[in-house]
**Q** 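What follows is a structure written as structure tokens; I'll ask about it next.
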Amino acid sequence: MDDLRKKYLSLISGALDETTLEELRVQAVGKKGEISSRMRSLGKMTPEERQKAGPALNALKDEVNSALAAKKMALSDAALEERLKGEWLDVTLPSRGARQGSIHPISQVWDEVTEIFADMGFSVAEGPQIESDWYNFDALNIPGHHPARAEMDTFYTHREHDDDRPPHVLRTHTSPVQIRSMEKIGAPLRIICPGRVYRADYDQTHTPMFHQVEGLAVDTDVSMANLKWCLEEFVKAFFEVDNVELRFRASHFPFTEPSAEVDIRCSWSGGQLKVGEGDDWMEVLGSGMVHPKVLQAGGIDPKVFQGFAFGLGIDRIAMLKYGVPDLRAFFDSDLRWLRHYGFNALDKPGLVSGLSQ
Ligand code: DAH
């Protein structure tokens, strides 16, 4: 029995793989194995012999079984170790070079505009891009039959009243945020709302999605003079010059009375767009004194309060400031264009440090 023990323990410890180990198991403790057949021969022994040999054979069987299990574990650990060595990965490889991305000119201008109006005491308000036709039109004094609804080339998400849902549109301007802000804040108030707006239109200066900043100031002593001063201050700060020429044109919007549109002097010669020179004018905003009906729709008493409002095209002033002659380039996602016109992600525009460095 001692020989059997020595033989199998040494064979097991020398086994190089799991197949050899399995063969050894069968040979020793399998049904017809050497140790098993010894156990079967116990029946032929005398009771005295059996009493000695029985426990010894059982102990031997246990010992061989645990040696097999331990060796099996050791072999699989070694195999895993081997695999890990082969699959080794150097995570310290250098990352991709710096400045892979940049800030889009529209985001940059958005931040610049916010910075300038924040300095004049305006806070930033928000509203949904899918808007009910009440906020987008009716509350702004544009009733159902009004031609302005057709002029705006509206995208309807849901037009009819047939299933109790009120009609909804992709907002055609940021003006509905005027109403939402009056409802939420009341008077006095001073807000701007930069955001996306949508109209079915497409050419060199129009895209189906574009950006506006709405402005609204309501107080007990607000006049057209305040509006003009604010806009002139804004334009000087934004273009970082003292002599940008503005043209205030009498106009009409249902939500303001009186109303004015503002154009900026520019030139388009040779595919180059330049601000402050030339004989062309680019319309950049609509403005006016808030119509009493609009104040009323926002829950503000027009006998006590007045307000001025404006709606400014972010993309338009971005084109002018950064010399981009075609609006559509902003949304083409051309990497070469983005690398050329993009801004460093770490340079936040500030009035002190410079807006557009
Ligand atoms: N909502 C107008 C548009 O998209 C722009 C506008 C004009 C906004 C006059 C105003 C305003 O707040 O007073 O064409």
Side-chain angles (χ1 to χ4, degrees), residues 113 117 120 122 124-129 131 133-143 146-155 169-183 185 189-201 205-219 222-231 234-235 246-264 282-298 300 302 305-317 327:
V113 172
F117 280 108
M120 293 195 243
F122 287 76
V124 173
E126 285 183 326
Q129 293 177 45
E131 188 56 284
D133 76 341
W134 158 258
Y135 279 112
N136 197 79
F137 295 124
D138 300 78
L140 292 163
N141 196 31
I142 312 175
H146 199 285
R149 291 203 180 204
E151 274 165 28
M152 282 196 174
D153 301 310
T154 310
F155 288 115
V169 301
L170 296 184
R171 69 177 177 198
T172 56
H173 49 183
T174 41
S175 302
V177 184
Q178 288 191 27
I179 308 292
R180 290 183 175 274
S181 302
M182 288 190 271
E183 284 176 345
I185 305 169
L189 101 169
R190 232 183 289 178
I191 55 110
I192 58 162
C193 166
R196 293 183 165 184
V197 299
Y198 304 84
R199 286 181 211 176
D201 209 350
T205 50
H206 296 89
T207 48
M209 187 282 297
F210 58 105
H211 302 83
Q212 289 187 331
V213 189
E214 195 73 15
L216 174 67
V218 178
D219 213 324
V222 172
S223 75
M224 200 81 183
N226 300 130
L227 167 71
K228 195 157 181 259
W229 182 85
C230 272
L231 292 178
F234 164 74
V235 168
L246 293 185
R247 184 168 76 173
F248 282 77
R249 262 183 302 113
S251 182
H252 171 263
F253 298 102
F255 30 89
T256 44
E257 183 56 41
S259 308
E261 276 174 301
V262 179
D263 310 329
I264 292 185
M282 175 126 120
E283 183 197 323
V284 292
L285 66 89
S287 63
M289 297 303 294
V290 182
H291 196 289
K293 281 191 180 168
V294 174
L295 289 171
Q296 227 157 18
I300 289 176
F305 292 99
Q306 317 88 48
F308 70 71
F310 58 86
L312 174 73
I314 296 187
D315 322 71
R316 295 287 182 91
I317 58 171
L327 174 63

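Both ligands and their constituent atoms are indexed starting at 1 by order of listing.
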**Q** Only heavy atoms of Thr256, strictly under 4.0 Å: list the atoms of ligand 1 that pass.
**A**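 Once the distances to Thr256 are compared, the set is 13 (O).
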
**Q** If you count the atoms of ligand 1 from 1 in the order shown, which ones are under 4.0 Å from a heavy atom of Phe253?
**A**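 Per the distance check, 7 (C), 9 (C).
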
**Q** Just to confirm my output: which protein heavy-atom neighbour is closest to atom 2 (C) of ligand 1, and how far is it?
**A**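 It is Phe255 CZ, 3.7 Å.
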
**Q** Would you mind listing which atoms of ligand 1 come within a distance below 4.0 Å of any non-hydrogen atom of Ser175?
**A**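 Once the distances to Ser175 are compared, the set is 1 (N), 8 (C).
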
**Q** If we set the cut-off at 4.0 Å for heavy atoms, which region of Glu257 has an atom near ligand 1: side chain, backbone, both, or neither?
**A**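 It is neither part, as no heavy atom is under 4.0 Å.
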
**Q** Determine the sole option in Leu312, Val197, Leu285, Ile314 for which the side chain to side chain contact (heavy atoms under 4.5 Å, CB included) test with Gln212 is passed.
**A**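 Among Leu312, Val197, Leu285, Ile314, the one that satisfies the side chain to side chain contact (heavy atoms under 4.5 Å, CB included) with Gln212 is Val197.
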
**Q** At what distance is the nearest protein heavy atom to atom 12 (O) of ligand 1, and which residue and atom is it?
**A**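 Of every protein heavy atom, Glu214 OE2, 2.5 Å lies nearest to atom 12 (O) of ligand 1.
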
**Q** Could you walk me through whether Val113 and Phe234 pass the side chain to side chain contact (heavy atoms under 4.5 Å, CB included) test, one step at a time?
**A** CA-CA 8 Å; Val113 172; Phe234 164 74; 3.9 Å; yes

**Q** Do Lys228 and Phe248 have side-chain heavy atoms sitting under 4.5 Å apart?
**A**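 Lys228 reaches Phe248 side chain to side chain.
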
**Q** Under a 4.0 Å threshold between the charged nitrogen and the carboxylate oxygen, would Arg171 count as salt-bridged to Glu214?
**A**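 Salt bridge flag = no for Arg171 with Glu214.
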
**Q** Using distance alone, decide if ligand 1 has a nitrogen or oxygen within less than 3.5 Å of any nitrogen or oxygen in Arg199.
**A**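 Yes, Arg199 has an N/O under 3.5 Å of an N/O on ligand 1.
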
**Q** Taking only heavy atoms of Gln178, which atoms of ligand 1 are found under 4.0 Å from at least one of them?
**A**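 Reading through ligand 1 atom by atom, the close ones are 12 (O).
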
**Q** Using the ring of each side chain (for Trp, its six-membered ring), is Phe308 parallel, tilted or perpendicular to Phe122, with breaks at 30° and 60°?
**A**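 If you compare the ring of Phe308 with that of Phe122, the planes turn out tilted.
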
**Q** Checking ring-ring contact (aromatic ring centres under 6.0 Å, His included) for the pair His173/Phe255: CA distance, chi angles, key distance, verdict?
**A** CA-CA 12 Å; His173 49 183; Phe255 30 89; 5.7 Å; yes

**Q** Considering the heavy atoms of Gln212, write down every atom of ligand 1 situated less than 4.0 Å from one of them.
**A**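 Counting atoms of ligand 1 from 1, those under 4.0 Å from Gln212 are 3 (C), 4 (O).
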
**Q** With atoms numbered from 1 as shown, which atoms in ligand 1 lie under 4.0 angstrom from a non-hydrogen atom of Gly288?
**A**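 So the answer, numbered in order with elements, is 13 (O).
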
**Q** Residue-level breakdown please: for Phe310 versus ligand 1, do any non-hydrogen atoms fall below 4.0 Å on the side chain, on the backbone, on both, or on neither?
**A**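 Contact part for Phe310 vs ligand 1: backbone (N, CA, C, O).
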
**Q** Going through the checks in order, is the side chain to side chain contact (heavy atoms under 4.5 Å, CB included) test met by Phe210 and Arg199?
**A** CA-CA 8 Å; Phe210 58 105; Arg199 286 181 211 176; 3.9 Å; yes

**Q** Taking only heavy atoms of Ala309, which atoms of ligand 1 are found under 4.0 Å from at least one of them?
**A**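 What qualifies from ligand 1 is 12 (O), 13 (O).
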
**Q** Could you walk me through whether Met182 and Val294 pass the side chain to side chain contact (heavy atoms under 4.5 Å, CB included) test, one step at a time?
**A** CA-CA 10 Å; Met182 288 190 271; Val294 174; 4.0 Å; yes

**Q** Verify, without hydrogens or angle tests, whether Asp315 (side chain) and Leu327 (backbone) share a donor-acceptor contact under 3.5 angstrom.
**A**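 Not a single qualifying donor-acceptor pair exists.
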
**Q** Nearest protein heavy atom to atom 5 (C) of ligand 1, by residue and atom, and its distance?
**A**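 Answer for atom 5 (C) of ligand 1: Gly311 CA, 4.1 Å.
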
